[in-house]
Amino acid sequence: MPRPRDDDFATRVVAWFAGAARPLPWRAADLSPWAVLVSEFMLQQTQAARVVPFWERWMARWPTPAALASEPAAEALRAWDRLGYPRRALWLHAAATELVERHGGEVPRGLDALLALKGVGPYTARAVAAFAFGDRHPVVDTNTRRVIARAIDGVAVAAPPSAARDLPAMERLLPADREAAHAFNAGAMELGATVCTARTPRCDECPVAALCAWRAAGYPPHEGPRRRTQARFEGSDRQLRGRVMRELRAAHTPVPRGELAALEPDETRLDRVLASLVADGLAVGAVDGYALPHN
DNA sequence: AAGACGGGGCC
DNA sequence: GGCCCAGTCTT
């Protein structure tokens, strides 16, 4: 059971969310669990505003798991276009196939069945369980972790993700009532995304500013090790992978290696990247060149 | 526990 | 330019 102060915290977030929620299309009422699952795949490490048009097109074309499963993975990769992390498209296509083959074409309701799907981890499984089915689970993403770190723990920056710590921390705050829990899960994420932001928090607009431990402590700066600086993207293998995938998406016949060599003068590097794409299942190599996977 | 994995938004 | 983003998988 939440302590009284935690109850107050949740109540304020829920009330704020009722009036401040962005009108994101996957929050519409009576959406299918499939629609929610698609949104959660697309939202992994990707800002919500950028996902909107991709999700709209995807749902118009593939309104059910069976619709997606009936087409080759190459079409999923083409529709994914430049959203990033194309393995997600591959996993979503594989998940659709598994839903058809093992779950009657429906998204399963249970956490264990959801976690068994490729590309579904602790966050996505609980997000689908909570937002698609209304079940009471703690949903913790990067926004929620930052809100809890500041408002509850009184520190500027959240510790690295840890389901072992993050889920119990959210569970302590989660209202007992199903609908309130749903709104608190969504509201805590929204608060982190739009008010309690990483860079410049807008504390003057925060519904829990009066309860915030970080604010009460005088906004102490982050102490301890900095998050490891992310590797440079320009000139990276990741960038080259993206460029190769762009070529493969545009082609409808195998692309000869000689054509791909125009993307990268260093043949060793090109071959390393091609091998990694094949290993990931994002490309298939044949005698006449490389192509997107058919299945 | 640490790295790899896209691409774009934002300061 | 660097940091961040509704994470997950692999080693």
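Chain identifiers are assigned alphabetically (A, B, ...) following the order of the sequence lines, protein sequences preceding nucleic acid strands; residue numbering begins at 1 within each chain. The structure presented is a predicted model; accordingly, all values stated were derived computationally and were not measured.
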Of the nucleotides [options], which one has an atom closest to the side chain of [X]?
X	options	value
A:N143	C:dT10, C:dA6, B:dC5	C:dA6
A:W91	C:dG7, C:dC9, C:dC4	C:dC9
A:F233	B:dG6, C:dA6, B:dG9	B:dG6
A:R82	C:dC4, B:dG8, C:dT8	B:dG8
A:L24	C:dC4, C:dA6, B:dA4	C:dA6
A:R50	B:dG9, C:dA6, B:dC5	B:dG9
A:Q47	C:dG7, B:dG9, B:dG6	B:dG9

Discussion item. Just to be sure I understand the geometry, which residues of residues 266-283 of chain A put a non-hydrogen atom under 4.0 Å away from DNA chain B?
Written reply: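 Of all residues in residues 266-283 of chain A, none places a heavy atom under 4.0 Å from DNA chain B.
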If I pick the [atom1] atom on [M] and the same atom on [N], what distance separates them, to the nearest angstrom?
N	M	atom1	value
C:dC4	B:dG6	C1'	14 Å
B:dG3	C:dC3	P	16 Å
C:dA6	B:dC11	P	14 Å
B:dG7	C:dT10	C1'	22 Å

Which part of the nucleic acid does [X] contact within heavy-atom distance under 4.0 Å: base, sugar-phosphate only, or nothing?
X	result
A:R88	base
A:P161	nothing
A:V120	sugar-phosphate
A:R126	nothing
A:A198	sugar-phosphate
A:P160	nothing
A:W26	base
A:G121	sugar-phosphate

Fill in: Presence of salt bridge, A:D8 and A:R12, under 4.0 angstrom
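Between A:D8 and A:R12 there is a salt bridge, with a charged N closer than 4.0 Å to a carboxylate O.
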Fill in: A:R61/A:E75 ion pair, N-O < 4.0 Å
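Here A:R61 pairs with A:E75 in a salt bridge, since their nearest N and O are under 4.0 Å apart.
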Worksheet entry | Pairs flagged by ring pair (Phe, Tyr, Trp, His ring centres under 6.0 Å) wherever residues 224-279 of chain A is involved - sequence neighbours left out |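 Counting only pairs at least two positions apart or across chains, no ring pair (Phe, Tyr, Trp, His ring centres under 6.0 Å) contact touches residues 224-279 of chain A.
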Worksheet entry | Inter- and intrachain pairs under ring pair (Phe, Tyr, Trp, His ring centres under 6.0 Å), touching residues 93-132 of chain A, at least two apart |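 Every ring pair (Phe, Tyr, Trp, His ring centres under 6.0 Å) pair that includes a residue of residues 93-132 of chain A, provided the two are not neighbours, is A:F131-A:H182.
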How many Å lie between [atom1] on [X] and [atom2] on [N], as a whole number?
X	N	atom1	atom2	answer
A:W55	C:dA6	CH2	C1'	15 Å
A:F54	B:dG8	CZ	C1'	10 Å
A:Q230	B:dG7	CD	C1'	10 Å
A:D237	B:dC5	CG	P	6 Å
A:L77	B:dC5	CG	P	17 Å
A:Q45	B:dA4	CD	P	15 Å
A:D81	B:dG7	CG	P	9 Å
A:R243	B:dG7	CZ	P	9 Å

Discussion item. Please check: side-chain N/O of A:R215 versus main-chain N/O of A:A210, any donor-acceptor pairing under 3.5 Å?
Written reply: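 The answer is no, because no donor-acceptor pair under 3.5 Å joins these two groups.
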Item to complete: Taking atom types as modelled, find out whether A:W62 and A:E71 have a side-chain donor-acceptor pair closer than 3.5 angstrom.
Response: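 On atom types as modelled, these side chains qualify, holding a pair under 3.5 Å.
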Discussion item. Under 3.5 Å, is there a donor on one side chain and an acceptor on the other for A:R27 and A:S39?
Written reply: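 Looking only at side-chain atoms, A:S39 and A:R27 do not form any donor-acceptor pair under 3.5 Å.
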Worksheet item: Want to settle it: does A:S39 or A:K118 sit nearer the 5' end of DNA chain C, counting the closest nucleotide to each?
Response: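 In this pair, the answer is A:S39.
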May I ask you to verify if any side-chain N or O of [X] is less than 4.0 angstrom from the OP1 or OP2 atom of [N]?
X	N	value
A:T142	C:dA6	no
A:R146	C:dC5	yes
A:T124	C:dT8	yes

Item to complete: Answer yes or no: does atom CZ of A:R243 have more than 12 heavy-atom neighbours from other residues, nucleotides or ligands under 6.0 Å?
Response: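 Count not over threshold, so no.
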Worksheet item: Is atom CZ of A:R22 surrounded by more than 12 heavy atoms (other residues, nucleotides or ligands) closer than 6.0 Å?
Response: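 Enclosed.
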Worksheet item: Closer to the 5' end of DNA chain B via nearest nucleotide, is it A:R87 or A:T200?
Response: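 Between the two, 5'-proximity favours A:R87.
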Worksheet item: With no angle test and no hydrogens, is the base of B:dG7 tied to the side chain of A:T46 by a donor-acceptor pair under 3.5 Å?
Response: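 There is none.
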Worksheet item: Would you say the base of C:dC4 and the side-chain of A:R199 have a donor-acceptor pair closer than 3.5 Å?
Response: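 Under the 3.5 Å cut-off, the side chain and the base do not form any donor-acceptor pair.
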Fill in: Passing candidate, salt bridge (charged side-chain N to carboxylate O under 4.0 Å, His left out) with A:E171, options A:R165, A:R126, A:R136
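Going through A:R165, A:R126, A:R136 one by one, the salt bridge (charged side-chain N to carboxylate O under 4.0 Å, His left out) with A:E171 is satisfied by A:R136 alone.
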